[in-house]
There are 2 protein chains.
Amino acid sequence: MDTPTIYDVSRLSGVSTATVSRTFTTPDRVRESTRRRVYAAAEALHYQPSAIARAMARQQTDKIAFLICKEGATILDEFYASICEGVMRRANGTNYQLLISTAEEWTRTAQSKQIEGVILAGNAQADLISEFQRQNIPVVLVNNRAAGFNLPCIVADEAGGVRQVVSHLISAGHQRIAMLMGRFSPYVTSARYNAFLSVMRENGLSVDESGALMCDRDIQSATEAALRLLSRPDRPSAVFAFNDVLAAGVMKAARRLGLRLPEDLAVVGFDDSSVCPMMEPELSSIHVDCRRMGELCMEHMAALLDGAQDVPRLTVVPVNLKIRASSRAAI
Amino acid sequence: MDTPTIYDVSRLSGVSTATVSRTFTTPDRVRESTRRRVYAAAEALHYQPSAIARAMARQQTDKIAFLICKEGATILDEFYASICEGVMRRANGTNYQLLISTAEEWTRTAQSKQIEGVILAGNAQADLISEFQRQNIPVVLVNNRAAGFNLPCIVADEAGGVRQVVSHLISAGHQRIAMLMGRFSPYVTSARYNAFLSVMRENGLSVDESGALMCDRDIQSATEAALRLLSRPDRPSAVFAFNDVLAAGVMKAARRLGLRLPEDLAVVGFDDSSVCPMMEPELSSIHVDCRRMGELCMEHMAALLDGAQDVPRLTVVPVNLKIRASSRAAI
DNA sequence: GTGAAAGCGCTAACAG
DNA sequence: CTGTTAGCGCTTTCAC
C-alpha cells in the first residue's frame, strides 16, 4: 500500500483537498465537525502531510543547516558538540529541523532551496558567507567574527577570559606567566594573544619569546612543549593553556619534572570542559557556556527568519573563571 | 532578483527544460556542445537545481535522520558525538544529507516523505521503530539491539569488554572486584551486568551485593558511591566502572581515602574517552571505536537504500582493553 | 539527442 | 466556512 495523499483523505472525509490542507495548517479556520471528520479519515489512512509537497507549495523547507568549519581529527569535539546541542535544544519546539554537516562537504553538494538559514560554527571562510548571502540565506556565525559582513556573530568573551586568568595568577603572586597556544582558529588565537599581551603589559609584566608558545592541538604535543618550557632555568611559575586538553599536557609535563601543583606551577585551562573536575589536582579553567552560545544562534536565526531588523550584530557571551586546586595558592 | 529556475536556463541556452535537467542529472546523455551551452547559461544565471522541486519530482529527499534516543543533561556527549561524527564522515561523498534530532522531538513533528532512512542511537523505543517500519523507512540501530525487529543493529562487544577487564584484573591478582554501574540504557546495563556475573562465576569468584552497585551518571554520584564502597572493611581491590567519568569518580574517592593507585586500588573505565590519558595515573579503559560504529551505521543504511538484501542484522564492533597505569601491577 | 507534456502532493488566492 | 483551480520547479516517459 502506498503512502496516502491529501486526495485520499479528501475522498474519504468528503471534503475538498483545500479543507484537508486547512485542517492541518490552520485548524481554527475549519468548522469543528469538519475538522473531526478530516482527522478521523487521516487517522484511518495513516495520513501525514508530505513534507516534500508542502515545501514545494510553500517554497520553503523549514530546515536550518549547522555547518562546522573546522579541520582536524575530530570535528565534533566537546566544544562544538555543546554548541550543537544548544542549537538542537532551541530548534526543538520550533518548526525548524537541523541539518548537520561540515562546511567543506556542503559546498560539494550545491543545491538551491535546501535551507532557510545557516549557522556557521568556527572558522568560516569569507567566500562561503558571501555565497549564502548572495542566495539571500540568513547566516549566523558562532565562535567567530566576520569583518565586513552584516550578520549576527556569537562569541565568547575571549579577552575577558584571558584577563580573568592573568589577574587571578598575578594576584596569587605569579610574575612569570606563560601561555600555551594550540593551533586554534585565527579569530580565537588572535583574540586571546592580543588580550594576553595587553593585560600583561598593563600589569608591567613582560612577555618575551618564551611567554607565548605554540603547539599542536593534542595532549602529546602540549606535553612536549611544556617539557621544554618547564626545563628552562627561568621557567614560568604559571601556565595558561588554550584549552583543557593542553592544560592536561602541561600538568603531565610538570609531574614528569617533579614539580608540585600548584606550589611549583599553577595551571589554568580554557573551556571548563568535563575533564576539569576529574583532574588531580582539579583544573582551574575559564567556563564557556557553549550550550548557551548554541541556543543564541538558534534564537537569532529564528528572529532573522521572522524578519526582525534588530537582531544584534555581535553577542558576547560572558565567561568566568572557575578557580580550582590547580591554581589555588596553598593555604 | 529571484532564484533562477530551470526555465530561465532553458530560455537562455535555447534548449528545452528536459535537456537542462538531463545535463545536471545524466550529463553523458547530452551532446557535449549542448552540455557546454547549458553549463554556461547556468553559470551566468547562478542557477542551481532546486532541491525542493527535485525532491517533488523524484519523490525522495536524500536525507537521513540521526535520532538520539537518550535523556539527561547532555544529549550529545562524547560517545554519541563520536558516533555522529562517524555517520557524518561516511555521509560525506554520498548524496545523503544528515538531519539530527532527538527521538522525542522527531515524533512531535510528524510528516511523511521527510527522510529516506533513520539511524536510531541509543535506547530506541519499540513503537518508534514500528512506526518507521510501517512507513517503509529503513531503520538502523546503534548501541542497542531490538528484539523482534528485522533490522541492522550495530553494537560494541560489551561482553567481550567486560571479559577483558575482569581477566586482566584477575591475572593481576585481584579477587575482590567491584563494578560501578551508571544508569545506562537497559541494553548496555544488562549486557555488561550479565557478562560480569558470568565471567566472575567462571573464575570461581563471587559477586555479592557490594560487587555491583548503581549510581547516577555523573562524577559526584560516582565519587559518593565509591567512598561508601571503599570505606567498607572488605573493600574491593579493584573497581570496574561503566564509563570513564565514573572511573574518575572512583579515583577521586580513592585519593580522598588515602588509597594509592594502583597499589591499593586498581581502576578500569569503559569507552577509552579522551580523558583517559589525562588522568593521573592514566586510566585503563575499554577502547570502543565509536567513530567506526557511526561509519557502519551509514554504510549499512546506504546498502539498505540500495536495496541490498544481505545487510547483516547484527554487527558487533570489537573492543579492546587499553591497559594504563591505573590498573598496571607495580613492577 | 532532444522536445512536449504530464505529473509529483500540497497551498493559497479567489469565489461563493 | 468551504470548494475550485492554478501553480511550485523539476523529472520522466514517450515521441520524434
Side-chain angles (χ1 to χ4, degrees), chain A residues 1-39 41-42 45-63 95 109-116 135, chain B residues 1-39 41-42 45-63 95 109-116 135:
Chain A
M1 203 192 74
D2 233 16
T3 320
T5 73
I6 202 169
Y7 296 104
D8 300 316
V9 180
S10 161
R11 203 172 313 122
L12 183 60
S13 61
V15 301
S16 71
T17 61
T19 299
V20 177
S21 175
R22 282 189 205 101
T23 307
F24 282 94
T25 53
T26 50
D28 38 313
R29 306 185 70 213
V30 171
R31 188 187 299 156
E32 155 103 44
S33 60
T34 316
R35 206 189 309 160
R36 270 220 269 276
R37 288 229 310 287
V38 172
Y39 283 144
L45 297 168
H46 285 297
Y47 169 80
Q48 293 177 172
S50 153
I52 295 181
R54 177 171 281 186
M56 183 69 175
R58 294 196 192 163
Q59 289 296 295
Q60 59 172 53
T61 56
D62 290 343
K63 290 186 175 41
N95 292 319
T109 43
Q111 282 191 23
S112 64
K113 303 288 189 69
Q114 289 248 74
I115 49 171
E116 311 300 320
Q135 296 177 42
Chain B
M1 202 194 72
D2 233 18
T3 319
T5 72
I6 201 169
Y7 295 105
D8 300 315
V9 179
S10 160
R11 202 173 314 122
L12 183 60
S13 61
V15 301
S16 71
T17 61
T19 299
V20 177
S21 175
R22 284 190 203 101
T23 307
F24 283 94
T25 53
T26 50
D28 38 312
R29 306 184 72 215
V30 171
R31 189 186 299 155
E32 155 104 44
S33 60
T34 316
R35 205 189 310 160
R36 270 218 269 275
R37 289 229 308 288
V38 172
Y39 283 144
L45 298 168
H46 284 297
Y47 169 80
Q48 291 176 174
S50 154
I52 296 181
R54 179 171 280 187
M56 183 69 174
R58 293 197 196 165
Q59 289 296 296
Q60 58 172 52
T61 57
D62 290 342
K63 291 187 175 37
N95 292 318
T109 44
Q111 284 191 22
S112 65
K113 303 287 189 68
Q114 290 247 75
I115 49 171
E116 311 300 319
Q135 296 178 41

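Every chain is numbered from 1 and lettered A, B, ... according to where its sequence line falls, protein lines coming before strand lines.
In this structure, A:D28 atom CG and D:dT2 atom C1' are separated by 15 Å, rounded to whole Å. The CZ atom of A:R35 sits 14 Å away from the C1' atom of D:dT2 (whole-angstrom rounding).
Partners of A:S33 by side chain to side chain contact (heavy atoms under 4.5 Å, CB included), not counting sequence neighbours, listed by chain and number: A:R31. Remark: A:A57 pairs with no residue by the side chain to side chain contact (heavy atoms under 4.5 Å, CB included) rule, at least two apart or across chains. Taking the side chain to side chain contact (heavy atoms under 4.5 Å, CB included) definition, one finds that B:Q48 meets it with A:A110, A:S112, A:E131, A:Q135, sequence neighbours left out. Legend: residues meeting side-chain hydrogen bond (donor to acceptor under 3.5 Å, both in side chains) with B:T25, ordered by chain and number and at least two apart, are absent. In terms of the side-chain hydrogen bond (donor to acceptor under 3.5 Å, both in side chains) criterion, A:R29 has no residue partners (sequence neighbours excluded). With sequence neighbours left out, the ring pair (Phe, Tyr, Trp, His ring centres under 6.0 Å) criterion links A:Y39 to A:F24.
Here B:T5 does not reach the OP1 or OP2 of D:dG9: none of its side-chain N or O atoms lies under 4.0 Å away.
A distance-only check finds no donor-acceptor pair linking the side chain of B:S10 to the backbone of B:I6 [under 3.5 Å]. Using a distance-only test at 3.5 Å, with no hydrogens or angles considered, a donor-acceptor pair links the side chain of A:E116 to the main chain of A:T61.
Looking only at atom types and distance, the side chain of B:K113 has a donor-acceptor partner in the side chain of B:Q59 under 3.5 Å away.
Residues from residues 6-13 of chain A placing a heavy atom under 4.0 Å of any atom in DNA chain C, listed by number, are A:I6, A:Y7.
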Tabulate protein N/O versus nucleotide N/O from nucleotides 12-14 of chain D, keeping only pairs under 3.5 Å, one per line.
none

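Among pairs with a residue in residues 46-60 of chain A, none fulfils salt bridge (Lys or Arg N to Asp or Glu O under 4.0 Å), at least two apart in sequence or across chains. Residue pairs meeting the salt bridge (Lys or Arg N to Asp or Glu O under 4.0 Å) criterion with at least one partner in residues 8-23 of chain A, sequence neighbours excluded, are A:D8-A:R11.
First and last contacting nucleotides of DNA chain C toward chain B (any atom under 4.0 angstrom from a heavy atom, 5' to 3' order): C:dG1 to C:dG9.
With axes fitted over five pairs at each extremity, the angle between the ends of the helix from C:dG1-D:dC16 to C:dG16-D:dC1 is 30° (10° resolution).
Take the nearest nucleotide of DNA chain C for B:A53 and for B:S16: the residue whose nucleotide is more 5' is B:S16.
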